[in-house]
Engineer: 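To start, I am sharing the structure in question, which I have written as structure tokens.
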Protein chains: 2
Amino acid sequence: MQVTDKQKRANILSAAAVLFATQAFHKVLLSDVAEKAGVGKGTLYIYFKNKEDLYFSVLLDGFSSLVERIHLQLDETTQGPMENLEQTIREIVRFAFQDRHLFNVMRTLPIGMSIIRERWLEKRRELIDLILSIITQGIKAGVFYDPHPELTAGYIPGLVRSALLNGTDGIDPDVLSRHIIRFVTTALTQSGELKATL
Amino acid sequence: MQVTDKQKRANILSAAAVLFATQAFHKVLLSDVAEKAGVGKGTLYIYFKNKEDLYFSVLLDGFSSLVERIHLQLDETTQGPMENLEQTIREIVRFAFQDRHLFNVMRTLPIGMSIIRERWLEKRRELIDLILSIITQGIKAGVFYDPHPELTAGYIPGLVRSALLNGTDGIDPDVLSRHIIRFVTTALTQSGELKATL
DNA sequence: GTCCCAAAACTGACTGGTCGGTATTGGAAT
DNA sequence: ATTCCAATACCGACCAGTCAGTTTTGGGAC
């Protein structure tokens, strides 16, 4: 549990991510994780409490870095809601392509109860809330219209997920970003009003 | 495997659906499935080849009935693309609410290979293709515009999934249907000009 | 209707392999 | 000499899958 070596921990996580992404939870052997990470099996238990803890740590870590990246990016450039939404979508898509493994793990099986799982759910919620705040901001500014922004906020990661899951093969990340952005912003934009403001 | 008692098979499937929906695959005990279904454990192996077969059969069965329902409905009332798309979305939402368990099983998600899994994926593809054909029809008719309809077709089940997953709680199915319909049709009905100006 | 019985369906205690988790070892590094 | 840890050995809980035995079914004979 005490973490002494960040690098080793990272190795374990990334090895685990690959395996969890390609096999179901119950098929992933901790001996394989250890081997792939270049550590002894026992060492896993220094860094993680048990198999489930390792699994959710993979998710939590990945998600945290995504959320952080988005936060940073939004902070450094203060823009209008439209630009912020675009940036965020682009970031999520980028993440999904970059960390394919991790992204695939997310579609595996988050069911059951544990503290670490809760922490993962919180992070997830954080992302949704971030998106929600952008949309709400846009509505207040009169740029967007949406009767249920909390639903729309949830849709956005779902769109990325769907595209990758359905694997319309070898799609270009940029094409996907643009399509999702167009899709979402069009839906959020009332035609008449917006044209007027432009 | 090939067995006569439809009712018993259905009992097993629905018991399994509940359990697979609430616990991870590896935590579901076949003895529990058997008990809940009111049959002996051995009987499971008369109706299904093994645990994995049972799992995917749950998915396949549910999905098949959804696809069939949509097919029927579209056949019986020939309408324009807009109406067809609306009907389809409404049907998917209805399904998701009605078979909550089954819908939750779908997020427990499959990795690995097996014949039954392939059959499930085919069904999934069938649904996507159905939606795709409606959109394509709409584009030809000049009602819709979409640079990548194959992406959009995949989004639609994803939207429903996101809404339920995110569980903006106790949302009314009708409200959700309407929101998704508005979201999608708005995105599909505005031409690309707008995006160009942004 | 009812007796008989063979085939089919069903049951659940049992088992054997698997793998999460722990303890031990031995060698490299300091 | 001591610390660290990969490698290895080991343990035992767990549970999918099996199968010998039991029950149900159905149809042929009377």
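The sequence lines fix the lettering, A, B, ..., with proteins before strands; numbering per chain opens at 1. Every heavy atom of this structure was used, including side-chain atoms; hydrogens, water molecules and symmetry mates were not.
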Engineer: If you check every side-chain atom of A:Leu30, which of C:dG20, D:dG17, C:dT11 has the closest atom?
Structural biologist: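 Of the options given, the side chain of A:Leu30 lies nearest C:dG20.
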Engineer: Are A:Pro173 and A:Arg94 side-chain neighbours, meaning at least one heavy-atom pair lies under 4.5 Å?
Structural biologist: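 Not touching, per the 4.5 Å side-chain cut-off.
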Engineer: Looking at CG of B:Leu102 and CG of B:Leu13, how far apart are the two atoms once the value is rounded to the nearest 0.5 Å?
Structural biologist: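 Atom-to-atom, B:Leu102:CG and B:Leu13:CG are 9.0 Å apart.
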Engineer: What's the CZ-P distance between B:Phe48 and C:dC10, to the nearest Å?
Structural biologist: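 It is 12 Å, rounded to the nearest whole Å.
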Engineer: Under 4.0 Å between a side-chain N/O of B:Thr43 and OP1 or OP2 of C:dT11, yes or no?
Structural biologist: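 Yes, such a contact exists.
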Engineer: Answer with yes or no whether B:Lys41 presents, from its side chain, a donor or acceptor under 3.5 Å of a partner atom in the base of D:dA16.
Structural biologist: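 Indeed there is one.
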Engineer: Is B:Tyr47 close enough to C:dC10 that one of its side-chain N or O atoms is under 4.0 Å from OP1 or OP2 there?
Structural biologist: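 B:Tyr47 to C:dC10 OP1/OP2: side-chain N or O found under 4.0 Å.
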Engineer: A quick test of your reading: do over 12 heavy atoms of other residues, nucleotides or ligands sit less than 6.0 Å from CZ of B:Arg69?
Structural biologist: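 Check passes, neighbour count above 12.
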Engineer: Across the strands shown, which category fits A:Val33 at heavy-atom distances under 4.0 angstrom: base, sugar-phosphate, nothing?
Structural biologist: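 The residue A:Val33 makes no contact with any strand.
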Engineer: Under the 6.0 Å and 45° cation-pi test, does A:Lys8 pair with A:Tyr47?
Structural biologist: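 That pair does not qualify as a cation-pi contact.
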Engineer: Using atom CD of B:Gln7 as one end and atom P of C:dA9 as the other, report the distance to the nearest whole Å.
Structural biologist: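 Those two atoms, CD and P, are 17 Å apart.
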Engineer: Quick one: A:Phe25 CZ to D:dC15 P, roughly how many Å, whole number?
Structural biologist: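 Computing the A:Phe25:CZ to D:dC15:P distance gives 13 Å.
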Engineer: What integer distance in Å separates A:Asn50:CG from C:dG21:P?
Structural biologist: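 Rounded to the whole Å, the gap is 5 Å.
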Engineer: At under 4.0 Å, does any side-chain N or O of A:Lys8 touch on OP1 or OP2 of D:dA6?
Structural biologist: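 Yes.
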Engineer: May I have the distance from B:Arg9 (atom CZ) to C:dC10 (atom P), rounded to whole angstrom?
Structural biologist: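 To the nearest whole Å, that distance equals 13 Å.
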Engineer: Could you report the tightest heavy-atom contact between A:Pro149 and A:Ile135, atom names first, then the distance?
Structural biologist: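 So the two residues come closest at CB-CG2, 3.9 Å.
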Engineer: For A:Tyr45 and D:dA7, what is the distance between atoms OH and C1' respectively, to the nearest whole Å?
Structural biologist: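 It is 16 Å, rounded to the nearest whole Å.
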Engineer: Could you tell me the separation between the CG atom of B:Leu44 and the P atom of C:dC10, rounded to a whole number of Å?
Structural biologist: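 Nearest whole value for this atom pair: 11 Å.
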Engineer: Between the base of C:dG21 and the side chain of A:Lys51, is there any donor-acceptor pair under 3.5 Å?
Structural biologist: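 Such a pair does not exist between side chain and base.
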Engineer: Nearest whole Å is fine: how far is D:dG26 C1' from B:Asp5 CG?
Structural biologist: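 In whole Å, D:dG26 C1' and B:Asp5 CG are 15 Å from each other.
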